[in-house]
Number of protein chains: 2
Amino acid sequence: MASTAPSPARPAAKVPAEPCPISPVVDLVFSRWTTPILWLLHEHGRQRFVELQRRIGTITPKVLTQRLRQMERDGLVVRTYHPEVPPRVEYEISPLGLSLAPLFRTLAEWSQTHLPEVAAARTDYDDRGQPMP
Amino acid sequence: MASTAPSPARPAAKVPAEPCPISPVVDLVFSRWTTPILWLLHEHGRQRFVELQRRIGTITPKVLTQRLRQMERDGLVVRTYHPEVPPRVEYEISPLGLSLAPLFRTLAEWSQTHLPEVAAARTDYDDRGQPMP
DNA sequence: CCGTATCCTTGCTGATACTG
DNA sequence: CAGTATCAGCAAGGATACGG
């Protein structure tokens with residue numbers, strides 16, 4: 001990885017060999033804002049830049065552009081430019097992006113099943129005080 | 001999330017409602033260093049602080065401590081302190097952390113299947129030049 | 001409407017040193 | 001050994017403002 005092209009995904013912090021075989025996918029799919037964007041595109045279908053911005057609610061146009069560009073380059077979304085006045089640009093999920101659906105479903109299922117355990121573990125940990133010197 | 005306790009996982013950037021139902025899990029499982037740590041604990045079993053540090057290779061003790069503390073609080077790993085001289089501390093995956101295994105497997109499968117498409121999409125995008133004004 | 005340009009702040013990182 | 005403390009450096013993210 002880290003070819004000659006402008007690939008600002010994340011420098012991976014120069015991991016030596018491959019301590020974790022899923023790191024590439026994690027950087028690809030779970031970078032900041034990618035899951036909300038993919039989710040919204042999946043829920044509401046093809047939509048415009050401002051719709052995405054408004055639905056996410058807390059993202060700035062700069063960052064949204066960055067993320068969408070990267071996701072377009074990675075083949076997860078498709079950008080369509082309509083040369084009109086005013087200009088119109090629409091984004092939609094690509095087939096490749098759609099292939100992540102089962103993964104997201106697994107994630108949602110785990111969430112449903114085990115997130116309460118996480119909450120319990122947290123209160124448990126907090127009640128127990130310092131973890132030992 | 002973001003309760004009263006010291007849980008600086010990520011402030012989630014104050015997302016309004018719930019633009020993406022899997023965001024909590026993403027913050028939990030795919031924060032920086034968590035997947036390498038979980039992977040190493042899964043591969044090599046229970047091990048000590050320095051072993052983890054050496055195997056990851058590029059992490060400082062400070063950050064490793066931060067990450068391990070948070071994962072312990074979230075119930076993903078278990079920390080065992082042996083009061084000896086020299087002191088010995090061992091970390092291992094908890095059952096909750098182990099319940100992530102199928103998720104990781106799904107991730108690895110997707111990686112195997114679709115990562116080449118990502119690479120292709122990237123070269124394609126880079127060859128095609130500017131994305132249109 | 002769809003972005004880009006500019007600044008600013010945050011948080012990770014890195015190096016070093018120091019306890020128990 | 002297993003951390004904690006401190007400080008400097010950098011890059012990503014956020015806020016604001018402006019242009020095509």
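Please read all numbers here as calculations on a predicted model, not as lab measurements. In what follows, chains carry the letters A, B, and so on, assigned in the order in which the sequence lines appear, proteins first and then strands, with residues in each chain numbered from 1.
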Main chain of Thr34(A), side chain of Ser31(A): is a donor-acceptor contact present, judged purely on distance under 3.5 Å? no
Distance, rounded to the nearest Å, where [X] contributes [atom1] and [N] contributes [atom2]:
| X | N | atom1 | atom2 | answer |
| --- | --- | --- | --- | --- |
| His82(B) | dA2(D) | NE2 | P | 10 Å |
| Ile59(A) | dT16(D) | CD1 | P | 16 Å |
| Leu52(A) | dC2(C) | CG | C1' | 12 Å |
| Arg88(B) | dC1(D) | CZ | P | 13 Å |
| Ile56(A) | dG3(C) | CD1 | P | 14 Å |
| Leu68(B) | dT4(D) | CG | P | 10 Å |
| Glu51(B) | dA2(D) | CD | P | 8 Å |
| Leu64(A) | dC1(C) | CG | P | 14 Å |

Smallest heavy-atom separation, Ser94(B) atom then Val78(B) atom, equals CB-CG2, 3.8 Å
Sorted by chain and residue number, the side-chain hydrogen bond (donor to acceptor under 3.5 Å, both in side chains) partners of Arg48(B) (sequence neighbours excluded) come out as none
The side-chain hydrogen bond (donor to acceptor under 3.5 Å, both in side chains) partners of Arg54(B) (sequence neighbours excluded) come to none
Nearest to side-chain heavy atoms of [X], which nucleotide of [options]:
| X | options | result |
| --- | --- | --- |
| Arg69(A) | dA2(D), dC1(C), dG3(C) | dG3(C) |
| Lys62(B) | dC1(C), dC7(D), dT4(C) | dC7(D) |
| Val89(B) | dG3(D), dG3(C), dC1(D) | dG3(D) |
| Pro86(B) | dA17(D), dC1(D), dA15(D) | dC1(D) |
| Arg32(A) | dT4(D), dG14(D), dC1(D) | dG14(D) |
| Thr60(B) | dG3(D), dG14(C), dC1(C) | dG14(C) |

OP1 or OP2 of [N] versus the side-chain N and O atoms of [X]: is any pair under 4.0 Å?
| X | N | answer |
| --- | --- | --- |
| Tyr81(A) | dC1(C) | no |
| Trp33(A) | dG14(D) | yes |
| Gln66(A) | dG13(D) | yes |
| Arg48(B) | dA2(D) | yes |

Taking for Pro87(A) and for Val63(A) the nucleotide of DNA chain D with the nearest heavy atom, the one nearer the 5' end belongs to Val63(A)
> With a 4.5 Å heavy-atom cut-off, do Arg46(B) and Tyr91(B) have their side chains touching?
Replying inline: no
